[in-house]
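Just so we're on the same page: letters track the sequence lines, and every chain starts at 1. Source: prediction; values computed, not measured. Side chains included, hydrogens not; waters and symmetry mates left out as well; all remaining heavy atoms used.
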2 protein chains.
Amino acid sequence: MLDRMDRKILDILQKDCTLPVAEIGKQIGLSTTPCWRRIQKLEEQGVIERRVALLDPKKVNVGVTVFVSITTSNHTKEWLERFHAALEDFPEVVEFYRMSGQIDYLLRVVVPDIERYDTFYKRLISKIELYDVSSAFAMEQIKFTTALPLDYAAEERRP
Amino acid sequence: MLDRMDRKILDILQKDCTLPVAEIGKQIGLSTTPCWRRIQKLEEQGVIERRVALLDPKKVNVGVTVFVSITTSNHTKEWLERFHAALEDFPEVVEFYRMSGQIDYLLRVVVPDIERYDTFYKRLISKIELYDVSSAFAMEQIKFTTALPLDYAAEERRP
DNA sequence: CGGAATATGGAAAAATAATCTACCTATTCT
DNA sequence: AGAATAGGTAGATTATTTTTCCATATTCCG
């Protein structure tokens, strides 16, 4: 269970993990040591998975996001494994979900432009057979955050 | 332009931004000071936007991802602003795109379970009028990374 | 109830890392 | 040749993390 202090710490670290522990402590009303211990514990428990640098997509030339909906007719274990492995190899695929409903899989792909998406697409379908692929282009990224809501963490988690 | 060294640095920092500069330097074959200077520059240029802690979604009780496709009939400026503002207020909405094609907007929403999604959905439609809303549930998050591909950053970026 | 065990908070010191400066060298470009 | 760029070393300074030691609650049994 995460108490109010833990959630305050996580709230801060999800926005900026460069702040000194002493500063975080000050913000939440805790001295350095207990604040530091809580952070350690959150890391041990795996609540904090890691700390990473976030880059500006445009500045690394991947300003275009495409959502790719995939349907497959092949549901064998062997195909699935090849599919997963294939997508791991594409750094352009930044998110990959197995879905319920009509669509089997959903990808979020980042590329510099539409031409490059086409190149990616060709490489994808040459690597693995897919029944149906449909691409939807994002015109604008209005919101993107890695900060998860913490309100639900106050309750007991389902097992 | 980002040269090979910059990309190596970014590659490391996208995975783990807690490493000491000296250690990063060692990994890429650069002494501390020039490595440090490059990181400073990448931050000034805004290539590195910020450094954040990533949490385990399940451990903060938001293990369920839902993609929400929204179509609207209202395209006035006033409606748009209210729409954007409304979604900013929902911490469950972690991604929000304006799309081309049939669907106008796409959201990624994180919640603890389907019941909670329903609660979210009701709050959403009570806040703003939407023409059509369609929800697709992710059964499994197979891949999720904040690390952008860096191969395209080697080229000149379009203005 | 008393007291051990546990959890939590705090102060201060020790260890580590970041930051910044100065100066030197090699390479490239004009 | 001279300017500009990039890397290197060394050292001083500051900032931060990590550890140690201690105090205070709170809980849980016998």
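- Nucleotide C:dT27 holds its P atom 16 Å from the CE atom of B:Met5, rounded to whole Å.
- Terminal axes of the helix from C:dC1-D:dG30 to C:dT30-D:dA1 (five pairs each, C1' rotation axis) are separated by 30°, to the nearest 10°.
- You'll find the side chain of B:Val109 stays beyond 4.5 Å of the side chain of B:Thr65, heavy atoms only.
- Take B:Asp6 and apply the side chain to side chain contact (heavy atoms under 4.5 Å, CB included) test, not counting sequence neighbours, and it matches B:Leu2, B:Asp3, B:Arg38, B:Leu42.
- The footprint of chain B on DNA chain D, defined by a heavy-atom cutoff below 4.0 Å, extends from D:dA6 to D:dA10.
- The distance between atom NZ of A:Lys8 and atom P of C:dG9, rounded to the nearest whole Å, is 12 Å.
- Pairs engaging residues 81-92 of chain B under the salt bridge (charged side-chain N to carboxylate O under 4.0 Å, His left out) rule: B:Lys77-B:Glu81, B:Glu78-B:Arg82, B:Arg82-B:Glu129, B:Asp89-B:Lys127, B:Glu92-B:Arg123 [sequence neighbours left out].
- Hydrophobic cluster membership of A:Tyr131, counting Ile, Leu, Val, Met, Phe, Trp and Tyr whose side-chain heavy atoms lie under 4.5 Å apart directly or via other members: none, as it forms a cluster of its own.
- Listed by chain and number, the residues in a ring pair (Phe, Tyr, Trp, His ring centres under 6.0 Å) with A:Phe144 amount to none (sequence neighbours excluded).
- B:Leu54 belongs to a hydrophobic cluster whose remaining members, ordered by chain and number, are A:Val52, A:Leu54, B:Val52; membership requires side-chain heavy atoms of ILVMFWY residues under 4.5 Å apart, directly or through intermediates.
- A search for ring pair (Phe, Tyr, Trp, His ring centres under 6.0 Å) contacts involving A:Phe67 returns B:Tyr97, not counting sequence neighbours.
- For B:Phe90, the ring pair (Phe, Tyr, Trp, His ring centres under 6.0 Å) partners at least two apart in sequence or on another chain are B:Phe120.
- A:Leu19 meets the side chain to side chain contact (heavy atoms under 4.5 Å, CB included) test with A:Ile12, A:Asp16, A:Glu23, A:Ile24, A:Gln27; sequence neighbours excluded.
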Can you check nucleotides 17-21 of chain C for protein contacts, nitrogen or oxygen pairs under 3.5 Å, and list what you find?
residue	atom	partner	partner atom	Å
C:dA18	OP1	B:Val21	N	3.3
C:dA18	OP2	B:Val21	N	3.2
C:dT19	OP2	B:Trp36	NE1	3.0

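- The salt bridge (charged side-chain N to carboxylate O under 4.0 Å, His left out) pairs that include a residue from residues 60-69 of chain B number zero, where partners must be two or more places apart or lie in different chains.
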